[in-house]
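All remarks here apply to the structure that follows.
Reminder, nothing fancy here: chain letters follow the sequence lines and each chain counts from 1. As a basis for the values below, the full set of heavy atoms in this structure was taken, side chains included, without hydrogen atoms, waters or symmetry mates.
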Protein chains: 2
Amino acid sequence: MVNFELYKVFYLTAKTGSLSKAAKELYITQPSVSHSIKLLEDTLGLQLFARTSKGVELTKEGAVLFSYIEQAYNFISLAEEKLSELRNFSSGEIKIGGSDSLCKHYLLPFLESFHVQYPHVQINLVHGTTPEIVKHLKEGKIDIGIVRTPILDDQLQVREGITIQDCFVTGPKYRELSMGKVSLAKLLTYPIILFSSNSSSRKFVTRLFSENGLLLEPEIELGSVDLLIEFAKIGFGVSFVTKEFVAKELTDGSLFEVNIDATIPSTKIGIITLKNMPLSTAASAFVAELESPGD
Amino acid sequence: MVNFELYKVFYLTAKTGSLSKAAKELYITQPSVSHSIKLLEDTLGLQLFARTSKGVELTKEGAVLFSYIEQAYNFISLAEEKLSELRNFSSGEIKIGGSDSLCKHYLLPFLESFHVQYPHVQINLVHGTTPEIVKHLKEGKIDIGIVRTPILDDQLQVREGITIQDCFVTGPKYRELSMGKVSLAKLLTYPIILFSSNSSSRKFVTRLFSENGLLLEPEIELGSVDLLIEFAKIGFGVSFVTKEFVAKELTDGSLFEVNIDATIPSTKIGIITLKNMPLSTAASAFVAELESPGD
DNA sequence: TCACCATATAGACACCTTCTATAACGAGTA
DNA sequence: TACTCGTTATAGAAGGTGTCTATATGGTGA
């Protein structure tokens, strides 16, 4: 198979109809082009150009070759254009998987600012449980996953995002819970509103109680963090939510943090990617945003 | 613009999913492929492959590039196949222009044997007067012209074919003309059958008579050499034809050569092509046939 | 006939491709 | 755990090839 580089010289020579002009376009000298064309002709065993005093002209065979090479050249040009787009984020796509509430409360601001900065990068967001996110990641369905740490999987690369702290909150109705320390047992005498049972935060809080010999049975079970917050606000009981995501409500007095007599360990947000699969430029730019402090 | 040769390496690497396998296909070593891919990645500023312990896998950007390069590669493969066909005459086309009767009486046997030898080479035959043939040639409408020499045109390359000799012939009815020398004046007392007035042979014969102070006026004027021969055979008079093309008739006694007392110069068949435009392989093979003696 | 614009050729040199040898790494297996 | 096998990566050397400069050659048009 012929050296492809010769076809580039051939294309430009045919296109410009002149060895000298092709040489200019290629930033090389005319003898060099002459040599390349000769080499190509010798290799193919066909004369491709008729040399005239005004330049060169394709022979029959040359014209046949050109009709194919022109297509090939165009595809390569397109490819390079496309890649250049990908490099400057004037095109591209990022698929992100966010578990649980992280999508809305953590990811959204980043997505918005990223989208403003690179409007041509398409963002594709899926959500699901942590195991689902990991599965999607391994299947190549998403580029980045946003989950709670800790997450142990040696196929994954885990970058740490901000620290978050879960806590119990309640609305003005049960405001007394925010006054002094409240034992877990005491808490159980209030109606508890929890996230659906397969979530990791639900599992955590259930274990917290059982480790103290208590059985946690929620009054109400909800499928969305937003609802969890809303229900707590209007007095349905006590919710278990991420403190950072209810910062506003805690400030404006629509929610109060319950001061329990146990320590709820803080956790970090994990930005997970596949260890052996390099990120696309767009995706790695996004990850950089997530990692950069101060955003 | 990136060195096209790198795309060949890229294509095979992506296709085989392995640097080592690509190296085998390219008949080079694995480090060389590794180096090329690295170079391509550096040049493009993008990582194209994820290296695994089992080989390599395209990244997102690599996959984008591949979708284009694959097309380009296919076109180049097709081009090389096509050229290879042209080289072995398993495809191709020759356009030939033959003037006057040369088409049928001279060219046909060559065409037939060439077609048997290279059945996939398409042959395109047009006929016309010598100036028309020359015009077609210069316009690139035909590759080869077959005319009578002499032909003077410095854009043309003229190869000489067989020698032909024109002569007057007549049928059994005027058989007496073949007995002794016949003067041109005497010949004029017989009905003369000539080719249409714009033909070169007609011009020649008219001049032959006028140089001897005689005015040649044909009894019958015909547009085809075949008819010229037929009319002479059945006794309409005397025709002026190429001796080589009535060899059979002269042998079997259906025609007789008139023995005039003037010398009709012999001429050669000219195979004309454009000086500055190389012949296609098929065309030059055909010309070689025409030139080779003994066919 | 001359100047100008093409392409072709020759010879030299530098760079780049390729090589060999070896390292590093991961996966599978005993 | 250690060993092997397969993969890719790296380093350094050498040869080849692409490119250059200088010049020849040849056709075209003034």
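- For the pair A:Ile37 CD1 and C:dA8 C1', the interatomic distance rounds to 13 Å; values are reported in whole Å.
- Within the structure, a side-chain polar atom (N or O) of A:Ser18 is placed less than 4.0 Å from OP1 or OP2 of C:dT7.
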Show your reasoning for whether side chain to side chain contact (heavy atoms under 4.5 Å, CB included) applies to B:Tyr73 and A:Met1.
CA-CA 11 Å; B:Tyr73 187 94; A:Met1 193 160 231; 3.5 Å; yes

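- Close to C:dA8, at under 4.0 Å from its OP1 or OP2, lies a side-chain N or O of A:Arg51.
- Salt bridge annotation for A:Lys8-A:Glu5: present, with a cationic side-chain nitrogen under 4.0 angstrom from a carboxylate oxygen.
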Extract from the structure each pairing of a protein N or O with an N or O of nucleotides 11-17 of chain C at less than 3.5 Å, listing the distance.
none

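- Nearest to the side chain of B:Ser20, among D:dT8, C:dA8, C:dG28, sits D:dT8.
- Note on ring orientation: taking the six-membered ring where Trp is involved, the planes of A:Phe89 and A:Phe114 are perpendicular (angle over 60°, cut-offs 30° and 60°).
- Here the rule is side-chain contact (heavy atoms from CB on, under 4.5 Å) with A:Leu48, and of A:Leu65, A:Ile37, A:Val64, A:Val56 only A:Leu65 fits it.
- Rounded to the nearest 0.5 angstrom, A:His115 NE2 and A:Gln122 CD are separated by 10.0 Å.
- When the P atom of D:dG6 is taken as reference, atom CD of B:Glu57 falls 21 Å away, rounded to whole Å.
- If you check distances only, the side chain of B:Gln30 does reach the base of D:dA9 with a donor-acceptor pair under 3.5 Å.
- Between the CD atom of A:Gln155 and the C1' atom of C:dG26 there is a distance of 13 Å, given to the nearest Å.
- Atom C1' of nucleotide C:dA6 and atom NZ of A:Lys24 are separated by 11 Å, given to the nearest angstrom.
- Rounding to whole angstrom units, CG of residue A:Leu19 and P of D:dG26 are separated by 17 Å.
- Side-chain contact between A:Ile164 and A:Arg148 is present, with heavy atoms from C-beta onward closer than 4.5 Å.
- Using a 4.5 Å heavy-atom cutoff, the side chains of B:Met277 and B:Asp143 are not in contact.
- Of the side-chain N and O atoms in B:Thr29, one or more sit less than 4.0 angstrom from OP1 or OP2 of C:dC19.
- Taking the nucleotide of DNA chain D with the nearest heavy atom to each of A:Lys54 and A:Glu5, the more 5' of the two is matched to A:Glu5.
- Phosphate contact (OP1/OP2 of C:dC5, side-chain N/O of A:Ser53, threshold under 4.0 Å): absent.
- As a whole-Å value, the separation of B:Phe49 CZ from D:dT7 P is 15 Å.
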